[in-house]
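First the structure, in the form of structure tokens, and then the observations on it.
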There are 2 protein chains.
Amino acid sequence: MEPENETKAEQTQEQEQVVNPWEVSAKGKIDYDKLIDKFGCQRLDQFFVDRVFSLTGRTPHIFLRRNVFFAHRDFNEILDAYERGEKFYLYTGRGPSSEALHLGHLVPFMFTKYLQEAFKVPLVIQLTDDEKCMWKNLTVEESKRLARENAKDIIACGFDISRTFIFSDFDYVGGAFYENMVKVAKCVTYNKVVGIFGFTGEDHIGKISFPPVQAVPSFPSSFPHLFPGQDKLRCLIPCAIDQDPYFRMTRDVAPRLGYNKPALIESLFFPALQGETGKMSASDANSAIYVTDSKNEIKNKVNRYAFSGGQDSIEKHRQLGANLEVDIPFKYLSFFLEDDDELEHIRKEYGSGRMLTGEIKKRLIDVLTDIVEKHREARAKVTDEMVDAFMAVRPLPNMFN
Amino acid sequence: MEPENETKAEQTQEQEQVVNPWEVSAKGKIDYDKLIDKFGCQRLDQFFVDRVFSLTGRTPHIFLRRNVFFAHRDFNEILDAYERGEKFYLYTGRGPSSEALHLGHLVPFMFTKYLQEAFKVPLVIQLTDDEKCMWKNLTVEESKRLARENAKDIIACGFDISRTFIFSDFDYVGGAFYENMVKVAKCVTYNKVVGIFGFTGEDHIGKISFPPVQAVPSFPSSFPHLFPGQDKLRCLIPCAIDQDPYFRMTRDVAPRLGYNKPALIESLFFPALQGETGKMSASDANSAIYVTDSKNEIKNKVNRYAFSGGQDSIEKHRQLGANLEVDIPFKYLSFFLEDDDELEHIRKEYGSGRMLTGEIKKRLIDVLTDIVEKHREARAKVTDEMVDAFMAVRPLPNMFN
């Protein structure tokens, strides 16, 4: 483990805040500063936003400008290398545990699509159907089916097929990928994974076997059809910060196997409608806006469930203004409302009480409906043949152009 | 776990006898009765030998007649099914940890070849190069090289290519095989593998991940190119009894996945030249006869190292006779001297002191030299193309004829 304080921090883990790949919960709001401290990653500050702008010549993505992606590991090294003319590849993924994705699921993919376009780099997307089969007790067949369904939503985000390889573990594990799994597994003791992931003796060995599966897409040699002879190619992983434990482990192991440590760029959790105490839950349909929700469902969910920081009465609201720190409609707008000036206007007007919750919710309903409608249109055009094409084990013709 | 006494027996394991897939040691001789008790398998008695004779119409193999294969699990069910006209397949394997095989390594393969011929059934042979990479800290490349070298020795035993599929884990893990690995792993807790295999928290997770890899060749669906739609096909595993822990675990899991429990037929350990306290050790070249040993090396090893049960002086020997219980030349002859009458003659003459150790050793040298010479000739004819052909993922044209 790289930063010395991690293991100790994990041992003295405060129970009021639990963040790991399978659980995100806090008694109050998630304390992201504490999380950065505990995990040992770095804040992603304005310096990086400016640098991305100057290196790519494009306005940085809203998620970067607004600090939705707020933490990193070695992102500076990726940018240094890029500046020297060296390329890298992107790796992100999804555990296909449910049929329909919600907006929180789209966040890393929307951002990854931007990174792919801005830097013109190849991308591998891992669908961990084996993980979900083991953790959610789904059958192999159902996990594989969900992986393909989720692939359609991912493709609908607009990835460039000439630079993107999507794979499911059940399809792809084997060969060089399996060799790397074995190499990683040799370097990590049971005690170590207990320290990182909190496994117990009653957990099945499938769980204990899994971390290497998520680790090895960080190594270019796991994709011999993409990166032959490019074992030193750097990898950048955009993900939500709950995935950090996997990649702390991976970064610890990488140099011992002759690979670069993967770099990370890590996002906040997209909050539940009911308030910012964790990620949205796939098991509570009313906690999230799904990409399959109708305009009416979006309207009802926002109006009924979105936790408001507005005051109890109009009089009090005009006097005190909304508490933007806890206001979910404002949080959601700060993820998805593209126009910086308009968001700033809302911040001032709503925060001072001149705008009312109803007005904010109405604006949010429009913004979300637009995103969901566009996603639905795009997804309707994704055919099974396109899924096959994205998932074909093939060279990528247009990797670095 | 099937027999209730196993786990308890393992918990109160007496340290004077340790038998698991990675260690076979005893203070005195291995107590095979105790092992059968502890593992919960069955003695293979004369009834089985007679039954195999009547079912196959062939004289049972010397290893069966002489109780080298001395224990089993559900071998009766295999024979019952065979009698009803149902077929089965054979599964055996080898961990390719060294370049040259010794005679003990050949025992399961010689016997498996006989079973394949006698019952006319298909055979899968697993080379666990991933296991050896992890346990012996070999590189992936070296493990794969050793797997191919060992495959040549295995092929030299005379297997029928039209009924035999040899695979290395690094080549073959993936697809349906990996799906079965995940299904098995879901059914086995860490505490369970600690109970069965004795892993500790300082063991790397590669070790903890491995038991499913050795388990799943017991299930026909792991070989979709061989047994499509034959998920209920029975599996018989000939192996040395130190591999029993893997298959106890497998048998425990099999019904929960809808498969038959694999049946086992298990051998004694082929003793070291120095005496019967364990298996021969690949790390002590003088403890074993290798298939690469010259006639002279065999002669020297037998004469210098083979532990004798003969008496200190000729006078005492003529008076008391040899102690056949500890005499290695006699043990080796009872593995490899085909002629039952001659062996019986030696037993009487040597046991009574009328034959001397030197005479027995001379006979053994002839017998071993003959086996090793024949093996060497056969192996010299095994080309890389033949290895490729045995290891090709293909249907077997002549499976059940």
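For A:V173, the parts sitting under 4.5 Å from any heavy atom of chain B are the backbone and the side chain alike. Both the backbone and the side chain of A:V188 come within contact range of chain B, with heavy atoms under 4.5 Å apart.
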Between chain A and chain B, donor-acceptor distances below 3.5 angstrom:
from   : atom 1 : to     : atom 2 : distance (Å)
A:D130 : OD2    : B:Y178 : OH     : 2.6
A:C133 : O      : B:K186 : NZ     : 2.9
A:N137 : OD1    : B:K186 : NZ     : 3.1
A:L138 : O      : B:K186 : NZ     : 3.1
A:K144 : NZ     : B:E179 : OE2    : 2.5
A:Y178 : OH     : B:D130 : OD2    : 2.6
A:E179 : OE2    : B:K144 : NZ     : 2.6
A:A185 : O      : B:G206 : N      : 3.4
A:K186 : NZ     : B:C133 : O      : 2.8
A:K186 : NZ     : B:N137 : OD1    : 3.1
A:K186 : NZ     : B:L138 : O      : 3.1
A:V188 : O      : B:I205 : N      : 2.8
A:Y190 : N      : B:G201 : O      : 3.4
A:Y190 : N      : B:D203 : O      : 2.9
A:N191 : N      : B:G201 : O      : 2.9
A:N191 : ND2    : B:G201 : O      : 3.3
A:N191 : ND2    : B:E202 : OE2    : 2.6
A:G201 : O      : B:Y190 : N      : 3.4
A:G201 : O      : B:N191 : N      : 2.8
A:G201 : O      : B:N191 : ND2    : 3.3
A:E202 : OE2    : B:N191 : ND2    : 2.6
A:D203 : O      : B:Y190 : N      : 2.9
A:I205 : N      : B:V188 : O      : 2.8
A:G206 : N      : B:A185 : O      : 3.4
A:S209 : OG     : B:S209 : OG     : 3.3

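When each of A:V140, A:V193, A:V194 is checked for heavy-atom pairs under 4.5 Å with chain B, A:V140 comes out on top.
We find the CZ-CD1 distance between B:F199 and A:I205 to be 8.0 Å, quoted to the nearest 0.5 Å.
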